[in-house]
Number of protein chains: 2
Amino acid sequence: MTARARPEVREACLVEAFKIIEETGVENLSLRDVARRVGVSHQAPYKHFPSRDHILAEIVARCFDEFAIFLDARQPSDRPHDDLRAMGLLYLDYAQSHPLKYRLMFNTPLPDPRQHPRMMRNAHHAFSILRNRLQGMPLRQTEPPSAKTADLDAMFIWSTLHGLSSILQSDMRTALKMSDLDQRRTVQRCFARLSLALTGDESPAIVKRPILTSKRKPRSSS
Amino acid sequence: MTARARPEVREACLVEAFKIIEETGVENLSLRDVARRVGVSHQAPYKHFPSRDHILAEIVARCFDEFAIFLDARQPSDRPHDDLRAMGLLYLDYAQSHPLKYRLMFNTPLPDPRQHPRMMRNAHHAFSILRNRLQGMPLRQTEPPSAKTADLDAMFIWSTLHGLSSILQSDMRTALKMSDLDQRRTVQRCFARLSLALTGDESPAIVKRPILTSKRKPRSSS
DNA sequence: AATAAAAGTAGACGCTGTCAACTCACAAGG
DNA sequence: CCTTGTGAGTTGACAGCGTCTACTTTTATT
């Protein structure tokens, strides 16, 4: 009866699926629910996506887009160290304010990632932003610097940021009874240790801004 | 009055569920499958566990047990730095050789973790092992040392280890086209940077054991 | 205008978690 | 002895899920 629109349905499905994940998590995402919200039959989404995994891959790809734009917001200054630190804070801020989407990107394994090249390309792009920021940094080297070693350091930074994000938003946080103050101090300490690891110095004047207050949307400008 | 508890079915359910997760991942665990394997009706497990989440929490708790024992295997020597590094390698080794169980512990949020105190206690215990190892370490301090700051450093180390483990076993690894050699070099670099961060020195002679060469298991479809 | 592809609908199948009602064994208490 | 209560196991049912198949409607191209 209700004959409807054109490929807007595809877009509407993605939008609704996005919402559902943001509200209830990826494990509660069902294509039938999406179809219901969009107002089409339970089979309509299958005309645009071969399977549930494919719609999920598309959503993950868009999350990476959003994430990369978020990380790239700040214009590089002449102080690469500050830039890197600001980026780290942005990273944590994003993970904190979009926990479900963050988990979707980094903790939700797809059956066969090779089947979703767009997703992989976007993920790669997000990582390359971090890597590029690292290029101009004067680092304490343990071996002759090269593009290879810069990649390794990028992986190290990323590991710490990702691990911190994951732990702070996992059940472990409640299991360890971490207060909000504990959390802020943990973040401060991790950044200090990262500075030590990379430059050998404690981080210079970076103010203790009230970032990571976990409620509001980020304000990237200071 | 009290009919005696014969927990053989309960134990068998846990064992089989353990196997299923190890083989196919937590998302493919179904209580009906467990019941089928054990050889009882599909409702029998519900006589021992109020819900699927409860059996899962029990399994997670046992995983933490196993994990803690694994981490605690090495006897402390008189070189705390070596001990810590060895523990880090053990951590990565476990995550690498039991990826599904590792994800189960750290990447699978339960609806309400407070409902499962045993799980939380075991998680806390696993963390305290790392913390204790850190106690005797001569660290480069950024502020007056205390039990509090030791906790913060433990969180830092744990973040890096956890982040590295997660990334290396995630889809990102394939998205970034990391070879096995890249992976080994990444681990080496992260440990070097961790040493710099904590002690200010590069790590002294630690053997390059062939840890982390395990093959990745194929992932099943959802 | 004819036609084929694209988009949407309807029904079915087997899977899932979970609720309800039933049987059965067995350990007290009288 | 018998009665009774309770934990364990059974069967049946229900709604929701992904997805396969078959059908109808819309749209675009020739």
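Below, chain A is the first sequence line, B the second, and so on; all start at residue 1. Here the structure is a predicted model, which means the values were calculated and not measured.
Within the nucleic acid shown, B:Arg32 comes within 4.0 Å of at least one base atom, counting heavy atoms only. Residue A:Ser30 is classed as a sugar-phosphate contact, given heavy-atom separations below 4.0 Å to backbone atoms only. Counting non-hydrogen atoms under 4.0 angstrom, B:Leu29 reaches the backbone sugars and phosphates but no base.
Between A:Arg10 atom CZ and C:dA7 atom P the separation is 10 Å, expressed in whole Å. Regarding B:Asp53, its CG atom lies at a distance of 12 Å from the C1' atom of C:dT18, rounded to whole Å. Straight-line distance from the CD atom of A:Gln43 to the P atom of C:dA10: 12 Å, rounded to whole Å. Rounded to whole angstrom, the span from the OH atom of A:Tyr46 across to the P atom of D:dC23 amounts to 21 Å. Nucleotide D:dC17 holds its C1' atom 16 Å from the CD atom of B:Glu27, rounded to whole Å. Between the CD1 atom of B:Ile20 and the P atom of C:dC15 there is a distance of 14 Å, given to the nearest Å. The distance between atom CG of B:Leu56 and atom P of C:dG17, rounded to the nearest whole Å, is 10 Å. For the pair B:Phe49 CZ and D:dG9 P, the computed distance is 11 Å after rounding to whole Å.
For residues 115-130 of chain B, the set of pairs meeting the salt bridge (Lys or Arg N to Asp or Glu O under 4.0 Å) definition, not counting sequence neighbours, comprises B:Glu58-B:Arg118, B:Asp65-B:Arg118.
Not a single donor-acceptor pair under 3.5 Å links the side chain of B:Ser170 to the backbone N or O of A:Pro109. Side-chain atoms of B:Arg193 come within 3.5 Å of backbone N or O of A:Ala197 as a donor-acceptor pair.
Between A:Ile129 atom CD1 and A:Asp72 atom CG the span is 4.0 Å, to the nearest 0.5 Å.
Checked against C:dA12, D:dA13, D:dG18, the side chain of B:His42 finds its nearest nucleotide in D:dA13. Which of D:dT10, C:dG17, C:dT16 sits closest to the side chain of B:Leu31 comes down to C:dG17.
Side-chain N/O atoms of B:Tyr46 and B:His54 include no donor and acceptor closer than 3.5 Å.
Checking A:Arg36 against A:Lys47, the closest nucleotide of DNA chain D that is more toward the 5' end is the one next to A:Arg36.
Taking side-chain N and O atoms only, A:His48 has no distance below 4.0 Å to OP1 or OP2 of C:dA6.
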